[in-house]
Amino acid sequence: MRPEDIQKISRDLAEGRFPAAQKRARSLVKRAPKDAALQNLAGAAFAQAGKHREAIPYFRAATRIDAQNPEFLCNFILALTMSGETAVAERVVSKSLTAMPELARLHYLHAQILHDKHDMKGAVKAANRALELEPGMVEALNVRGLAKSNRRQTAEALADFRASTIPGSSSNARLAAFTAPFMSCLSW
């Protein structure tokens with residue numbers, strides 16, 4: 001496999017040409033099925049196009065080849081979750097947390113899964129652990145804010161949402177501008 005092949009897939013993904021990236025990735029994976037990074041890239045080609053179920057086999061293969069790579073593992077869990085395979089994702093997260101308890105992103109993904117299962121107390125606990133390991137993790141602040149909001153802890157939820165807004169970030173600035181009228185209604 002040539003580096004320019006990987007660059008072409010990456011360029012296709014960056015430019016939103018998902019079918020071209022998927023076709024190239026499939027072809028390369030057939031030639032180098034034991035290349036974990038390539039399997040992960042192929043999964044990304046599908047996941048970025050919203051085809052999470054089709055991404056699962058590639059991410060699963062990447063994690064089987066390189067079980068210690070946190071990026072591959074988190075991509076696999078996220079694809080499972082986005083495909084509605086919550087029970088499988090939860091088993092993978094639980095097993096992974098035993099092996100890598102220091103990985104904040106795993107705790108965040110666990111919080112997201114628990115939130116999706118309507119276990120708000122568990123979601124807050126898992127998000128708290130993610131934030132202990134990586135203070136300021138925006139995703140963990142947001143899922144914890146959602147869980148607290150569902151538990152009717154409005155002030156705490158608003159504090160998390162505010163903390164997740166990073167000054168100077170254009171996407172967060174747009175989010176803050178959009179949510180400001182709603183936030184003012186809630187902070188009585």
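Classification of Asp160 and Lys148 as a salt-bridged pair holds, one side-chain N sitting under 4.0 Å from a carboxylate O. Between Glu71 and Arg105 there is no salt bridge, since no side-chain nitrogen of the basic residue lies less than 4.0 Å from a carboxylate oxygen of the acidic one. Of the charged side-chain nitrogens involved, none lies within less than 4.0 Å of a carboxylate oxygen, so that Glu156 and Arg144 do not count as a salt-bridged pair.
Of all heavy-atom pairs between Ala130 and Ala104, the closest is CB-O, 3.5 Å. Listed here is the closest heavy atom pair of Leu80 and Ala89: CB-CB, 3.8 Å. Here the shortest heavy-atom pairing between Ala47 and Ala55 reads N-CB, 3.8 Å. Residue Leu103 comes nearest to Cys74 through the heavy atom pair CD2-SG, 4.4 Å, listed as atom of the first residue, atom of the second, then distance. Heavy-atom minimum distance, Ala127 versus Ala111: N-CB, 3.6 Å. Taking both residues in full, the closest heavy atoms of Ile56 and Ser83 are given as CD1-OG, 3.6 Å, listed atom of the first, atom of the second, then distance.
Cluster membership for Leu158 and Met137, using ILVMFWY side-chain heavy atoms within less than 4.5 angstrom, is not shared. Under the 4.5 Å side-chain heavy-atom criterion for grouping Ile, Leu, Val, Met, Phe, Trp and Tyr, Val124 is not connected to Leu109 through any hydrophobic cluster. Placement of Leu78 and Leu141 within a single hydrophobic cluster is found when ILVMFWY residues are connected by side-chain heavy-atom separations under 4.5 Å, directly or transitively. Connection of Val92 to Ile65 is not established within any shared hydrophobic cluster, with ILVMFWY side chains joined at heavy-atom distances below 4.5 Å, either directly or through further cluster members.
One finds the OG1 atom of Thr154 at 10.0 Å from the CZ atom of Phe161 (value rounded to the nearest 0.5 Å). From Leu73, atom CG reaches atom NZ of Lys95 across 10.0 Å, with rounding to the nearest 0.5 Å. Atom CG of residue Leu38 and atom CG of residue Leu28 lie 5.5 Å apart, to the nearest 0.5 angstrom. A distance of 4.0 Å separates CD1 of Ile113 from OG1 of Thr81, quoted to the nearest 0.5 Å. Summarising the geometry, atom CD belonging to Gln48 is positioned 4.5 Å from atom CG belonging to Leu13; distances are rounded to the nearest 0.5 Å. One finds the CG atom of Leu133 at 15.5 Å from the OH atom of Tyr108 (value rounded to the nearest 0.5 Å).
A donor-acceptor contact under 3.5 angstrom links the side chains of Asn75 and Asn40, judged on distance only. In this model, a donor atom of one side chain and an acceptor atom of the other lie less than 3.5 Å apart for Asp116 and Gln112. Side-chain N/O atoms of Asn150 and His115 include a donor and acceptor closer than 3.5 Å.
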Q: Run the numbers on Arg91 and Val88 for side chain to side chain contact (heavy atoms under 4.5 Å, CB included), then give the verdict.
A: CA-CA 5 Å; Arg91 284 193 301 274; Val88 177; 3.3 Å; yes

Note to self: Between Asp66 and Gln68, does the side chain to side chain contact (heavy atoms under 4.5 Å, CB included) criterion hold? Intermediate values first, please.
What the structure shows: CA-CA 6 Å; Asp66 185 356; Gln68 299 305 308; 4.1 Å; yes

What's the verdict on side chain to side chain contact (heavy atoms under 4.5 Å, CB included) for Glu90 and Leu114, showing C-alpha distance, side-chain angles and the deciding distance? CA-CA 8 Å; Glu90 190 169 23; Leu114 293 170; 3.8 Å; yes

Worksheet item: Can Asp12 and Arg24 be said to form a salt bridge (charged side-chain N to carboxylate O under 4.0 Å, His left out), step by step?
Response: CA-CA 9 Å; Asp12 285 341; Arg24 284 186 213 282; 2.8 Å; yes

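At a threshold of 4.5 Å between non-hydrogen side-chain atoms, the residues Arg26 and Lys23 do not count as touching. Inter-residue side-chain proximity for Glu85 and Arg53 is flagged as met; some heavy-atom pair is nearer than 4.5 Å.
Between the side chain of Gln22 and the main chain of Ala45, a donor-acceptor pair closer than 3.5 Å is present. No donor-acceptor distance shorter than 3.5 angstrom exists from the side chain of Gln39 to the backbone of Arg60, with no hydrogens or angles considered.
Sorted by first and then second residue, the ring-ring contact (aromatic ring centres under 6.0 Å, His included) pairs with a member in residues 45-92 read Phe46-Tyr58; sequence neighbours excluded.
Among Pro70, Ser96, Pro101, the single residue meeting the side chain to side chain contact (heavy atoms under 4.5 Å, CB included) criterion with Leu106 is Ser96.
Within a 6.0 Å radius of CE in Met82, other residues, nucleotides and ligands contribute 12 heavy atoms or fewer.
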